[in-house]
Every structure is written in structure tokens, then in C-alpha cells.
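What follows is a short report on a single structure.
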Number of protein chains: 2
Amino acid sequence: MVIKLDLYRIFCVVGKNQSFSGAAKELFMTQPAISQSIMQLEKELDTRLFNRTPKGVTLTNEGSLLLEYANSAINLIEIGEEKIAEFKNLTIGELRIGVGDTISKYFLLPQLEAFRNRYPNLKLKIENGTTDSLISLLKSGGVDIVVCNLPVDDPSLNVTPCMDIHDTFVYGDKYRKLLARPIGFRELAKLPLIFLEPSSNSRKYVEDHFLSKGVKISPEFELGSHDLVVEFARMNMGIACVTREFTKDYLESGALHEVQLTEQIPYRSIGVCSLKSVPLSPASSRFVELIEG
Amino acid sequence: MVIKLDLYRIFCVVGKNQSFSGAAKELFMTQPAISQSIMQLEKELDTRLFNRTPKGVTLTNEGSLLLEYANSAINLIEIGEEKIAEFKNLTIGELRIGVGDTISKYFLLPQLEAFRNRYPNLKLKIENGTTDSLISLLKSGGVDIVVCNLPVDDPSLNVTPCMDIHDTFVYGDKYRKLLARPIGFRELAKLPLIFLEPSSNSRKYVEDHFLSKGVKISPEFELGSHDLVVEFARMNMGIACVTREFTKDYLESGALHEVQLTEQIPYRSIGVCSLKSVPLSPASSRFVELIEG
DNA sequence: TAACCATATAAACACCCCTTATATCCATTA
DNA sequence: TAATGGATATAAGGGGTGTTTATATGGTTA
């Protein structure tokens, strides 16, 4: 027979008060309840814990010893509960986000900054990688959520789009006259093009779309990051395929100009992915609210 | 609302097993009981502690953290229970005995030695003093039991006689002829007498008994310890009032001889006294058994 | 697709713990 | 010494809670 732990809570309070009736008040119980609880504990331990006196009770040696242990135990539980509360406050804990490089810089970083200011004690861990590698990281428990380019088609994931992005082509001043009027995919493909590497999700998306229209591209430059692509365009190395939303500053300042296309490239979305089977942690859930809201 | 501590015990077992049904087996409960207990704990903490998977459950971050605290707490309780068991085994704890000097040396010491051999881990504290001072020490909680000369007449004490002692008079070789035949109190009182100090319980007892027979004694020597009294008799300084049981060696070896009295001094007893209001500790109770048995 | 193993849900029952009521003991005070 | 007050002990009844049985649901595996 295992001794009920709740008896120890009562025991601690009685030990503190040196009185059954005093403990009863503190615990919002009646004196007989306390009396019986202590008697039960004493019976199960086969040890007298208190000496009853006309003015209360006093601990026996055994009782004193036990009280130290019981007090510590209950304190530990209380500290544990406090820690849990801190988790809920997001004053402790961690948030592990998987995110693609470009999204990281232009979309997630500002959000992360705000989030960090709000919950400065939360540990943040950011994992970079391709969409595919991030999704498998998510499934293996390496990250809590993944922010990546959609579509992601996986029945075991919750996928929530949170921002639309548009693939577009931009150029520097040198090409201004040449591109003064709208052009089609086929004409565009003949110009010197600047793209991301073929492995990149964005590159594949645009390239596939062109292919579906019967147009094959063969870029002059294939670069490792969106930043580089933008810089090359600004240096008039060619026409760059970029994400409009991540090139906003250059477009608004007039450093770059957008190609007018006669056909549209359908927009894509950035979305948050999480495992259906694992409920979001408080931190993840709060972060998702933030970037969706 | 305070969270029931027993939920934490279940939580620990589930955490260890990473499985509700596994924990159910270990706890001799059914799986739904575990399921509901964890759900209740999660509800009261408003925090998910386990992620349910098809092959069991896994701890969330919150759960992991809480488990450390809960495990430690329950371990503490278990250690406390073990300590209590040690108290019962008399492998820890202490025994505080109040005892008169003479009794200490001739009666208690041998018993104490046996007791200590049997329970070597028990701390022993011996307090010396007069019967009166020991009784008040007992009442103030300074000792657990008192071994002293009876009678002790106090309604708040349990008094158990455990050995009879006899007051008698002894002498050395010089008095041999003089005391070859039985004599009465009155004649005895005229001889040079060696007694304990007037404050001693034994002295008072014998002196009072003589007085009740109309005989007043005026000892030649009044000494501080029974040992001294015996030694003075051996050195033929007079006729010594001693306890027969504590002078056995001298009498048997012929170093001292016992006065043949025509009237008897009623025997007294040595007894163990304890407070009625305070049950004996395991150690006290075991010791009392020993000296009574 | 069926079987198996995991957790979740629902409902009934049994047990336990708490409360109310009362007793008892001791100490203090009139 | 009797009476009062405050402490714990005891007894009995009732309500709540936790456990069980029964069943559902979901997911992996063969």
C-alpha cells in the first residue's frame, strides 16, 4: 500500500502550526479531518509523528525528521508549478523555427525582433535550410515550426499561409529603354537573366511555370542568395528574377525597375507549417498568432 | 484549488514509462485511470505535459521540466519514509536516560552496554542527578525515561519497578567479633555509622525508617557516593549503610560482612519512569523491555 | 484492409474522505 | 472544587471523486 501524498501536505501544515485545529483553519478543513489524516499517516508509517498535548501537538523526533523531507518535497512541487506558470507566461522556454534564407531575412527577421522584445526570456533557435530539409527537420522534432514557401503538400502537417509573395523580374537603369514596354515570357527568356541556383524553391517555381508555357530559360547568372541576385541586377548585369516583396526598397527608391509582363506569374505564399500530431507549444502558438495577425 | 499531490506520483510513473498503459501496469491501475489523471493534471496546470503518439506518449518541454521537480519531490518523500523505517529499526535516533549515580554504575551500565552492542547506531545520552531533579527533567522533556529509586508517587508518570534493592549495613574485619550476632536498630545506631549525604534518596529512606521506629541516627561519616561509603567500610572506618545488590562483590569475596539485623528494613525497588502523556519512542520502549525482561 | 496497440470517452459504482455531532481530557479560573 | 474553555478523539453519515468496465477512435503494421 502506497501512502497518499496528500497526507504529507496536511502533515507539513500541522507540523508548521503545531496544532491540528490550527492546521484545519489554514487548510479550510475541520479539525477531525486533520486528526484523522494524521492518524492515518501515523498508522501507515507505524510511527507516532506528534505528541498530543492539551495545548496542541508537538513533533516527535521521527516527526521532525520526516517534516524536513516532506517540506522540501512539497516546496519542490510548488517550484515546479511556478516553472510551468513561467512557461505559460513565455518567460522561460524556447522556440525553434525552421526557415528558408530569404524568408528569414525579409519576412521573419522583423517579426522575430518584435517577438523577442515582447518575450525577451524566450530562447530562440533558428534553423536554415531548404523547404524540404526543414520539413523533415520538423518531422524529426528538430524544430517546432517551419516558415517556408508554399505549397507544401503533406497530410501530416498543418499549413497556414500568412503572406503572399510575387515572383517578378527587375532591372537596373541600363535596361530602361529596352524594357519600357510590356513583354512576354518568350522575349524575356532571350535577355540576360539572373536567377537563384536551380535547387532553390523559388527558382524551380518560376522555371517550372515558364516551362509549362513552353519557355525554357538559361540564365546568365545563377547565384546563391536573393541578395546577390538583387545586387547583380542593380549593377546592370542583367534581368533578375526576384520576389517583389523582398525588393520593395530598391523598387521604391528607383534603384531597380520592374519588368512589365504581358502574362502573369501566379503568386505564391509563405506559410507556417507544424505537425498535426503535436499540439503547438505556448511559445510556438504565440509566435504563429503574431505572424498571422 | 490545490493540485492533488497523488497526480504527481502518477505523472512521474508515466514520465518514466513514456506510456499511459505502461504506467497503468506499474501502478496496478487501468489505462483510463491514468489517462484521466494526466488529463486532470494538465487541466489544472493548464499545460500540456505529454504529446500523445500512436506508440505511447512523449514529454513536452514543460512536462520534462516538471518531471524533474516531481521526481525529486517523490524521491524525497521516499527517503523520508526510509528514515522513519530506520527509526523503527533503531538504526538511527537517540535515547536519553536520566539515572541516579549509584544506579547508573551498578544497575544501568551493564544494561546499557548490552543495548549499545545491539543498537550501535543509536545515540545515547545519560543525565545524572537526584531522583527529584531527574523527574523534573523528564517532565520538561529533557530525557525520555528515568531510572531511579522508587517509590515515585506522581500521577502523571508511568512507573514500572524492575529490580528490588535492599538497604543493609556492612562492616570490615575489625568489627567482626563485635557483630557476630544479630542486633537491633537501636544498638546499631550507637556504632560509628557511614552514610550517604542527607540529601540522598537512599539515606533519607533508611533514616526515615529508623525514625519511624523511634531511632535517630547520627553518622560518623556522610559521603558523596555509594562507592566511597563502601570503601570507608572496607577500611574499617565504621558500619556502612549500603545497597546489598551494589555491594555483592565485596560481600562474596569476604572483604565486607553484612550486619545481621533483628528487624528488617523493607526493600525498595528501582523503577523506570516515563510520562503518561508522551508515548514511549521506539528506542525508549525497546530499552524498557530490555531492563524489565 | 484487417488486426493490433495506443489513447480517449462515457457511465456507473464503490470507496474514501470530509463534515457534523459528540465525547474526553487537561488546564485554567472563579 | 466546580466550571469553563480549548485542545484532540471518536462515531456515523453523506457527498464527491477516482476507478473500473465498456466502448470509441486513431494510427501503424502486416
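Atoms considered below: every heavy atom in the structure, side chains included; atoms not considered: hydrogens, waters and symmetry mates. The chains referred to below are lettered A, B, ... by the order of the sequence lines, with proteins before strands, and numbering in each begins at 1.
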- Message: What is the distance, to the nearest angstrom, from the CD1 atom on Ile38(A) to the P atom on dT8(D)?
- Response: 11 Å
- Considering just the side-chain nitrogens and oxygens of Arg52(B), establish if one lies under 4.0 Å of OP1 or OP2 belonging to dA8(C). yes
- Message: Any side-chain N or O of Ser35(B) below 4.0 angstrom from OP1/OP2 of dA8(C)?
- Response: yes
- Item | Pairwise side-chain contact, Leu49(B) with Val57(B), heavy-atom cut-off 4.5 Å (strictly under) | no
- Quick one: Arg48(A) CZ to dT8(D) P, roughly how many Å, whole number? 13 Å
- Message: Between Ser212(A) and His209(A) (side chain of the first, backbone of the second, donor and acceptor by atom type, cut-off under 3.5 Å), is there such a pair?
- Response: yes
- Query: Looking just at side-chain N and O atoms, do Asp164(A) and Ser269(A) make a donor-acceptor pair shorter than 3.5 Å?
  - Reply: yes
- Message: Asp154(B): which residues meet the side chain to side chain donor-acceptor pair (under 3.5 Å) condition with it, sequence neighbours left out?
- Response: Lys139(B), Ser156(B)
- Task: Specify the separation, in whole Å, of atom CD1 of Ile34(A) and atom C1' of dT10(D).
- Result: 16 Å
- Task: Please report the closest heavy-atom contact between Leu138(B) and Cys273(B), naming both atoms and the distance.
- Result: CD2-O, 3.7 Å
- Task: Identify which one of Leu7(A), Thr47(A), Val14(A), Asp6(A) satisfies the side-chain contact (heavy atoms from CB on, under 4.5 Å) criterion when paired with Leu41(A).
- Result: Leu7(A)
- Is a donor on one side and an acceptor on the other found under 3.5 Å between the side chain of Lys123(B) and the backbone of Gly93(B)? no
All N/O donor-acceptor pairs, side-chain side in residues 76-89 of chain A, below 3.5 Å, sequence neighbours left out:
from, atom 1, to, atom 2, distance (Å)
Glu81(A), OE2, Tyr8(B), OH, 2.6
Lys88(A), NZ, Leu45(B), O, 3.3
Asn89(A), ND2, Ala85(A), O, 3.4

- Query: Between atom CE in Met39(B) and atom P in dT7(C), what is the gap in whole Å?
  - Reply: 11 Å
- For Glu42(B), all residues meeting salt bridge (Lys or Arg N to Asp or Glu O under 4.0 Å), sequence neighbours excluded: Arg52(B)
- Note on the structure: Protein heavy-atom contacts under 4.0 Å, written 5' to 3' over nucleotides 11-17 of chain C as B (base), S (sugar-phosphate only) or - (none), form the string ------S
- Message: Just the rounded figure in Å: distance from C1' of dG18(D) to CZ of Arg9(B).
- Response: 15 Å
- Is there a residue in residues 13-22 of chain B whose heavy atoms reach under 4.0 Å of DNA chain C, and which residues are they? Ser19(B), Phe20(B), Ser21(B)
- Query: Is the NZ or CZ atom of Arg286(B) positioned over Phe115(B)'s six-membered ring, under 6.0 angstrom from the centre and within 45° of the axis?
  - Reply: no
- Message: Taking 4.0 Å as the cut-off, does a side-chain nitrogen or oxygen of Thr30(B) come that near to OP1 or OP2 on dT19(D)?
- Response: no
- Task: Let me know the distance between CG of Leu49(B) and C1' of dT7(C), rounded to the nearest Å.
- Result: 16 Å
- Ring centres of Phe11(B) and Tyr69(B) under 6.0 Å apart? no
- Query: To the nearest Å, how far apart are Glu44(B) CD and dG18(D) C1'?
  - Reply: 13 Å
- Query: Whole Å only: how far is the CD1 atom of Ile3(B) from the C1' atom of dT17(D)?
  - Reply: 16 Å
- Note on the structure: Expected string for nucleotides 22-30 of chain C under the B/S/- scheme (protein heavy atoms, under 4.0 Å, primed atoms plus P, OP1, OP2 as sugar-phosphate) is ----SS---
